[in-house]
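Atoms considered below: every heavy atom in the structure, side chains included; atoms not considered: hydrogens, waters and symmetry mates. Below, read A as the first sequence line, B as the second, and so on, with proteins coming before strands; counting in each chain starts at 1.
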2 protein chains.
Amino acid sequence: MARQLTSKGRQRRSQLINQATRRFASDGYHPTSVADIVGGVGVGKGVFYWYFESKEQLFLEILRDAQKDLRRCQRNSTADLTDPVDRIEGGIRAGVIWMVGNPDLRRLFEFARSEDTFAKAMKVGEATLVSDAAQHLRIAIDAGRIPDRDPQALAHGILGVTNQLTMAYMDHGDGDPAEVGDLVVSICRNGFAGLSDDLTGDSNSPAMTVKPTWSRSV
Amino acid sequence: MARQLTSKGRQRRSQLINQATRRFASDGYHPTSVADIVGGVGVGKGVFYWYFESKEQLFLEILRDAQKDLRRCQRNSTADLTDPVDRIEGGIRAGVIWMVGNPDLRRLFEFARSEDTFAKAMKVGEATLVSDAAQHLRIAIDAGRIPDRDPQALAHGILGVTNQLTMAYMDHGDGDPAEVGDLVVSICRNGFAGLSDDLTGDSNSPAMTVKPTWSRSV
DNA sequence: GCTGGAATTGACCGGTTGGTCAACTCCCCT
DNA sequence: AGGGGAGTTGACCAACCGGTCAATTCCAGC
């Protein structure tokens with residue numbers, strides 16, 4: 001393994017990755033055959049096994065790269081923030097924007113969590129996200145900025161809200177992704193029974209009356 | 001379809017459903033073959049097609065029944081509550097308890113959301129849950145009990161927190177499921193920046209200092 | 001003990017799957 | 001110009017898939 005690739009080779013490789021990502025996301029991992037992937041690119045089947053060990057390894061690579069990219073985006077957008085609450089908010093917004101901007105990878109995450117073969121890899125990335133947020137929450141708690149509750153649990157809550165609302169947006173969405181970020185931050189900060197007034201001191205929290213256009217009425 | 005079954009037949013049928021549920025949950029829907037299911041029960045393959053139209057139809061039936069059962073549990077435990085905020089809390093707790101008590105079905109939900117073939121059926125059930133919670137939120141907002149924000153979005157947030165934290169519990173859990181319910185309610189009500197004091201008036205909200213034993217430190 | 005529908009069997013089918021491989025082309029480097 | 005590794009082909013393979021079905025057994029009601 002770890003073949004020496006020319007620029008043409010690298011190009012073909014990412015071509016296959018892109019095609020596979022699309023098909024996995026639209027049809028599912030199992031229903032997508034290797035023949036489908038190479039057929040979509042217009043090459044013979046052997047090409048696939050020139051660049052990848054197996055279908056499973058390819059999928060794992062896609063997952064790992066996506067997790068890395070998400071994390072990179074969050075780091076970038078929170079790098080210059082010092083306040084712990086600001087950092088949490090920044091992380092949430094970056095996460096929302098990434099998920100809305102990468103719906104295919106978002107769907108792949110969804111599937112990967114559900115199957116044992118890939119769940120382990122997913123858990124690792126998720127744990128990183130959670131413990132990262134938990135760290136900032138811990139600091140905020142120690143500083144008396146937010147109430148003292150289990151930071152890990154709070155972080156899971158944040159992740160849950162982000163996942164669910166980005167999913168709802170992807171299903172019905174037609175508004176501004178940044179607006180979804182506002183909404184997620186608002187809910188994460190205050191829950192459904194939270195106060196309208198911002199009590200944490202910083203002033204960049206969104207209005208409490210946010211009403212997205214994509215919210216459906218069933 | 002809709003065959004006339006004797007009591008023996010009904011028994012075998014649910015035997016197959018149970019076996020399929022277990023295998024689908026542990027190995028995934030696609031990796032589980034019909035041969036695996038009937039093999040696990042110890043019968044011939046024809047038996048499967050005597051009781052079910054197809055593998056896909058069986059899975060859809062499992063999903064529908066599970067959704068129905070979850071909803072039934074929520075209705076039962078909120079039937080005698082009149083206060084809208086109490087009803088929301090009751091629904092959350094019932095949902096948590098059901099998910100913790102039905103980990104296999106919980107996993108099946110996870111997969112079903114990820115694949116187009118079943119996503120539609122899942123969306124229906126999820127929309128019911130969401131609109132149900134949203135209705136109570138609407139009432140609470142109109143009564144001035146909670147801040148005025150989009151009820152649908154809040155309901156999605158609640159669902160997200162519930163899903164994520166029950167999942168985290170299933171992965172690392174060893175504590176009391178009711179404690180998880182407290183935690184989810186606490187986060188849903190107040191978010192991470194919420195006040196320690198209960199401002200909604202009713203007194204059965206959980207302590208803010210809940211710290212589950214299953215929260216991992218990474 | 002006969003009858004008829006419920007229940008069960010497992011060989012069988014056409015199709016698909018992930019993966020292999022010998023043969024071949026392409027193209028850069030000397 | 002020719003050597004050699006990168007890149008490509010597609011026939012091929014064994015295994016497996018979901019689903020069918022004629023044949024057989026089981027058993028309750030008469």
Side-chain angles (χ1 to χ4, degrees), chain A residues 1-63 108 111-112 115-118 121, chain B residues 1-24 26-63 108 111-112 115-118:
Chain A
M1 260 304 111
R3 223 169 224 125
Q4 195 60 251
L5 299 182
T6 66
S7 73
K8 184 191 175 187
R10 282 191 298 273
Q11 202 171 324
R12 170 110 319 154
R13 194 172 194 276
S14 63
Q15 207 177 2
L16 286 165
I17 290 178
N18 291 337
Q19 180 69 19
T21 303
R22 270 193 299 268
R23 301 294 288 243
F24 287 160
S26 69
D27 302 340
Y29 170 77
H30 289 292
T32 300
S33 68
V34 175
D36 288 334
I37 297 168
V38 295
V41 176
V43 295
K45 192 191 263 191
V47 173
F48 184 92
Y49 291 94
W50 175 263
Y51 293 103
F52 307 104
E53 237 181 56
S54 65
K55 186 185 164 187
E56 187 178 317
Q57 284 303 310
L58 165 61
F59 188 63
L60 283 170
E61 183 179 327
I62 292 173
L63 285 183
L108 263 41
F111 164 74
E115 192 151 312
D116 231 42
T117 326
F118 308 113
Chain B
M1 266 302 111
R3 222 169 225 125
Q4 196 60 253
L5 299 182
T6 67
S7 75
K8 185 191 176 187
R10 281 190 300 273
Q11 202 170 325
R12 171 110 320 151
R13 193 172 194 276
S14 62
Q15 208 179 0
L16 286 165
I17 289 178
N18 291 338
Q19 179 69 20
T21 303
R22 271 193 299 267
R23 300 295 288 245
F24 286 159
S26 69
D27 302 339
Y29 170 77
H30 289 293
T32 300
S33 67
V34 174
D36 288 335
I37 297 168
V38 295
V41 175
V43 295
K45 192 190 263 192
V47 172
F48 184 92
Y49 291 94
W50 176 261
Y51 293 104
F52 307 104
E53 237 181 57
S54 66
K55 187 185 164 188
E56 189 178 314
Q57 283 303 311
L58 165 61
F59 187 64
L60 284 170
E61 182 177 328
I62 292 172
L63 285 182
L108 263 40
F111 164 74
E115 193 151 313
D116 232 42
T117 325
F118 309 113

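Residue A/Val47 is classed as a base contact, given a heavy-atom separation below 4.0 Å to a base. A/Thr32 comes within contact range of the sugar-phosphate backbone alone, with a heavy-atom separation under 4.0 Å but no base atom that close. Residue contacts for A/Gly9: at a heavy-atom cut-off of 4.0 Å it reaches the sugar-phosphate backbone alone, with no base atom in range.
In this structure, the NE2 atom of B/His30 is 16 Å from the P atom of C/dT16, given to the nearest Å. Computed from coordinates, the B/Leu58 CG to D/dG18 P distance equals 12 Å when rounded to whole Å. Between B/Ile37 atom CD1 and D/dG18 atom P the separation is 8 Å, expressed in whole Å. At whole-Å resolution of the value, CG in B/Leu16 and P in C/dA7 are 12 Å apart. What separates CH2 of A/Trp50 from C1' of C/dT25 is a distance of 13 Å, to the nearest Å. Between the CD atom of A/Gln4 and the P atom of D/dG4 there is a distance of 18 Å, given to the nearest Å. The distance from atom CZ of A/Arg3 to atom P of D/dG5 is 13 Å, rounded to the nearest whole Å. Between the CD atom of A/Gln11 and the P atom of D/dT8 there is a distance of 10 Å, given to the nearest Å.
Look at B/Lys55 and you'll find a side-chain N or O under 4.0 angstrom from OP1 or OP2 of D/dG18. For B/Tyr49 and D/dT20, the shortest distance from a side-chain N or O to OP1 or OP2 is not below 4.0 Å. For D/dC27, the OP1/OP2 oxygens have no side-chain nitrogen or oxygen of B/Thr6 closer than 4.0 Å. The side chain of B/Tyr51 places an N or O atom within less than 4.0 Å of a non-bridging phosphate oxygen (OP1 or OP2) of C/dT8. Contact annotation: A/Ser33 side-chain N/O to C/dT17 OP1/OP2 distance is under 4.0 Å. An OP1 or OP2 oxygen of D/dA6 is reached within less than 4.0 angstrom by no side-chain nitrogen or oxygen of A/Arg12.
Using cut-offs of 30° and 60° for the angle between ring planes, the A/Phe111 and B/Phe111 rings count as perpendicular.
If you look at B/Tyr29 and B/Phe118, their ring centroids are closer than 6.0 Å.
If you check distances only, the side chain of B/Lys45 does reach the base of D/dG19 with a donor-acceptor pair under 3.5 Å.
Remark: side-chain polar atoms of B/Thr6 are paired, donor with acceptor, to backbone N or O of B/Gly9 under 3.5 angstrom.
Each of A/Gly46 and A/Pro31 lies near DNA chain C, and the nucleotide nearest A/Pro31 is the one positioned closer to the 5' end.
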Quiz item: Please walk me through it: do A/Tyr51 and A/Arg3 pass side chain to side chain contact (heavy atoms under 4.5 Å, CB included)?
Solution: CA-CA 8 Å; A/Tyr51 293 103; A/Arg3 223 169 224 125; over 6 Å; no
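There is a side-chain donor-acceptor pair under 3.5 Å between A/Glu115 and A/His30.
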